[in-house]
Colleague: 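Quick one: this structure, given as structure tokens, is what I'll be asking you about.
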There are 2 protein chains.
Amino acid sequence: MIVMETTADIAPEQACPISPVVDLVFSRWTTPILWTLNEYGRHRFVELERRITTISPKVLTQRLRQLERDGLVSRTYHAEVPPRVEYAITDLGRSLAPLFASIADWSVNLGKVDRARQDYDAARPTG
Amino acid sequence: MIVMETTADIAPEQACPISPVVDLVFSRWTTPILWTLNEYGRHRFVELERRITTISPKVLTQRLRQLERDGLVSRTYHAEVPPRVEYAITDLGRSLAPLFASIADWSVNLGKVDRARQDYDAARPTG
DNA sequence: GACAGTAGGTACCTAGAGGAAAGCGGCATG
DNA sequence: CATGCCGCTTTCCTCTAGGTACCTACTGTC
């Protein structure tokens with residue numbers, strides 16, 4: 001039996017169609033990795049490490065594996081000595097570019113956010 | 001003294017200009033809240049709770065406070081019995097709409113992600 | 001023989017986010 | 001008199017993401 005509600009049926013998890021993409025692309029650490037590879041091209045492991053200074057090698061590996069599995073990043077192993085591995089963004093990853101662009105566009109509003117925070121805090125001085 | 005590097009100076013935290021916006025808008029639970037308010041208009045606390053079924057009241061309160069402080073959501077208290085509180089998206093929050101739209105657009109690629117995962121897993125059967 | 005450099009793997013540990021459950025205030029309704 | 005509604009708040013507890021530190025194989029170089 002199907003029950004119709006005023007607000008339409010509610011999806012099981014959360015009625016928010018963009019969440020899957022957000023989980024994929026904007027979970028912790030994935031954004032700077034994808035953005036870097038998209039903006040500056042292929043990188044070796046240590047190059048990424050040096051660019052995203054605060055990431056630990058363990059987590060960098062985890063995220064790169066995940067992004068590779070998701071088809072957003074490609075990994076190329078060169079059997080040299082010392083070994084060399086290059087990470088690059090795939091076509092699928094590159095298709096995120098307009099998305100990154102619209103986020104970058106919105107960042108002009110960060111000043112308004114700052115002001116809103118100041119107003120909010122000023123209105124509640126002693127919590 | 002300013003040192004020029006080949007890849008330009010590296011920002012202190014992470015050389016990724018979109019991270020601030022991502023932290024603001026796409027941290028855990030904020031996305032479905034903002035998306036819901038943007039898509040379906042003002043909601044009461046319990047309405048949000050019922051729509052985003054898996055969120056706990058504690059976290060919902062936390063996120064709403066944070067979004068209110070950031071100027072993305074407005075809170076209106078009606079001193080009735082029982083009390084009524086309405087949350088709505090602000091103009092600043094509404095300005096995120098194109099961003100949400102570009103994410104929704106990209107979600108057509110989720111199928112490719114699924115296929116990439118299958119390929120990846122198929123190529124590594126026993127870990 | 002020691003050390004460096006690369007791309008990680010692994011074991012251990014901690015901090016903090018988030019879940020569960022209960023309470024509160026004020027009134028209305030049974 | 002109890003119960004329920006609403007919008008939280010508080011306390012307690014768990015769980016896991018992530019950090020630290022150390023390890024590997026392989027070779028060249030001092």
Side-chain angles (χ1 to χ4, degrees), chain A residues 6-7 12-14 16 19 22-34 36-37 42-70 73-88 120 124 126-127, chain B residues 12-14 16 19 22-34 36-37 42-70 73-88 120 124 126-127:
Chain A
T6 5
T7 55
E13 295 277 312
Q14 54 225 353
C16 177
S19 282
V22 171
D23 289 346
L24 193 68
V25 181
F26 299 122
S27 56
R28 192 149 163 70
W29 292 120
T30 57
T31 313
I33 295 175
L34 280 174
T36 299
L37 293 179
R42 53 182 59 239
H43 278 64
R44 307 178 56 174
F45 189 87
V46 279
E47 289 170 349
L48 282 172
E49 226 176 341
R50 285 197 267 261
R51 202 180 270 278
I52 308 166
T53 52
T54 49
I55 198 171
S56 70
K58 182 183 113 178
V59 176
L60 181 54
T61 303
Q62 283 178 354
R63 288 291 160 274
L64 286 171
R65 288 284 175 285
Q66 172 194 323
L67 290 170
E68 189 195 356
R69 192 172 101 100
D70 293 343
V73 161
S74 72
R75 186 185 118 111
T76 314
Y77 179 80
H78 303 269
E80 305 167 357
V81 168
R84 187 163 57 92
V85 176
E86 285 190 325
Y87 294 94
Y120 186 95
R124 295 158 189 79
T126 49
Chain B
E13 296 276 313
Q14 54 224 353
C16 178
S19 281
V22 171
D23 289 347
L24 192 72
V25 182
F26 299 122
S27 55
R28 192 151 161 70
W29 291 122
T30 57
T31 312
I33 295 174
L34 280 175
T36 299
L37 292 180
R42 52 183 60 238
H43 278 66
R44 308 178 57 171
F45 189 88
V46 279
E47 289 170 350
L48 282 172
E49 228 176 340
R50 284 197 268 261
R51 202 179 271 278
I52 309 167
T53 52
T54 49
I55 198 171
S56 69
K58 183 184 108 177
V59 176
L60 181 54
T61 304
Q62 283 178 353
R63 288 291 160 273
L64 286 170
R65 287 286 176 284
Q66 171 194 324
L67 290 170
E68 188 195 358
R69 193 172 101 100
D70 293 342
V73 159
S74 72
R75 186 185 119 110
T76 315
Y77 179 81
H78 303 269
E80 306 168 356
V81 168
R84 186 162 57 92
V85 176
E86 284 189 325
Y87 294 95
Y120 186 95
R124 294 156 191 79
T126 48

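Residue numbers start from 1 in every chain, and the chains themselves are labelled A, B, ... in the order their sequence lines are given, proteins ahead of strands.
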Colleague: Can you tell if the side chain of V25(A) reaches within under 4.5 Å of the side chain of T30(A), non-hydrogen atoms only?
Modeller: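 Of all side-chain heavy-atom pairs linking T30(A) with V25(A), none is under 4.5 Å.
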Colleague: Do S27(B) and F26(A) come within less than 4.5 Å of each other through their side chains, counting heavy atoms only?
Modeller: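 The answer is no, as the side chains (C-beta and beyond) never meet within the 4.5 Å cut-off.
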Colleague: Rounded to whole Å, please give me the gap between OH in Y77(B) and P in dT9(D).
Modeller: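 Rounded to whole Å, this separation is 12 Å.
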Colleague: Specify the separation, in whole Å, of atom CH2 of W29(A) and atom P of dG18(D).
Modeller: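 Distance check: W29(A) CH2 to dG18(D) P gives 9 Å.
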Colleague: When the nearest nucleotide of DNA chain C is assigned to K58(A) and to R65(A) on a heavy-atom basis, which residue is associated with the more 5' position?
Modeller: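 Looking at the nearest nucleotide for each, R65(A) comes out on the 5' side.
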Colleague: I52(A) CD1 to dG18(D) C1': how many Å, rounded?
Modeller: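 My rounded result for the distance is 15 Å.
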Colleague: At how many degrees, to 10°, do the end axes of the helix from dG1(C)-dC30(D) to dG30(C)-dC1(D) meet when each uses five pairs?
Modeller: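 Terminal axis comparison yields 40°.
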Colleague: Going from CD on E47(B) to CG on L37(B), what distance comes out if it is rounded to the nearest 0.5 angstrom?
Modeller: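 Reported value, rounded in 0.5 Å steps: 10.0 Å.
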Colleague: Taking atom CD1 of I55(A) and atom CG of L48(A), what is their separation to the nearest 0.5 Å?
Modeller: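 Going from CD1 on I55(A) over to CG on L48(A), the span is 8.5 Å.
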Colleague: Give the rounded distance in Å between these two atoms: NE2 of H78(B) and P of dC8(D).
Modeller: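 Between P of dC8(D) and NE2 of H78(B): 12 Å.
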Colleague: Nearest 0.5 Å, what's the CZ-CZ distance between R50(B) and R44(B)?
Modeller: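 R50(B) atom CZ to R44(B) atom CZ measures 8.5 Å (nearest 0.5 Å).
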Colleague: Figure out the CD/P separation between Q62(A) and dG18(D), and round it to whole Å.
Modeller: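 It works out to 7 Å between those atoms.
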Colleague: First and last nucleotide of DNA chain C in contact with chain A, 5' to 3', at under 4.0 Å to a heavy atom: what are they?
Modeller: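 The contact span of chain A on DNA chain C goes from dG5(C) to dA11(C).
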Colleague: With heavy-atom distances below 4.5 Å as the criterion, would you say the side chains of T36(A) and Y87(A) are in contact?
Modeller: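 SC-SC contact between T36(A) and Y87(A) ruled out.
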Colleague: State, with a plain yes or no, whether a side-chain heavy atom of H43(A) is found less than 4.5 Å away from one of E86(A).
Modeller: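 Not touching, per the 4.5 Å side-chain cut-off.
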Colleague: Is there a side-chain contact between T61(B) and F45(B), using heavy atoms and a 4.5 Å cut-off?
Modeller: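 Contact flag for T61(B)/F45(B) side chains = yes.
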Colleague: Please tabulate, one pair per line, each protein N/O and nucleotide N/O from nucleotides 4-6 of chain D that are separated by under 3.5 Å, including the distance.
Modeller:
from: dC6(D); atom 1: O3'; to: R44(B); atom 2: NH2; distance (Å): 3.2
from: dC6(D); atom 1: O3'; to: P83(B); atom 2: O; distance (Å): 3.0

Colleague: Once you round it to whole Å, what is the distance between P of dG7(D) and CZ of R42(B)?
Modeller: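 Answer to the nearest Å: 13 Å.
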Colleague: Decide yes or no for R65(A) and Q62(A): does some side-chain heavy atom of the first lie under 4.5 Å from some side-chain heavy atom of the second?
Modeller: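 No, every pair of side-chain atoms sits at 4.5 Å or beyond.
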Colleague: On DNA chain D, nearest-nucleotide positions of R75(B) versus V81(A): which is more 5'?
Modeller: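 The 5'-side residue here is R75(B).
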Colleague: Just verifying a value: how many Å separate I52(B) CD1 and I33(B) CD1, rounded to the nearest 0.5 Å?
Modeller: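 Between I52(B) CD1 and I33(B) CD1, I get 5.0 Å after rounding to 0.5 Å.
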Colleague: Checking R75(B) against Y77(B): charged group under 6.0 Å from the ring centre and within 45 degrees of the axis?
Modeller: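 The answer is no, since R75(B) fails at least one limit relative to Y77(B).
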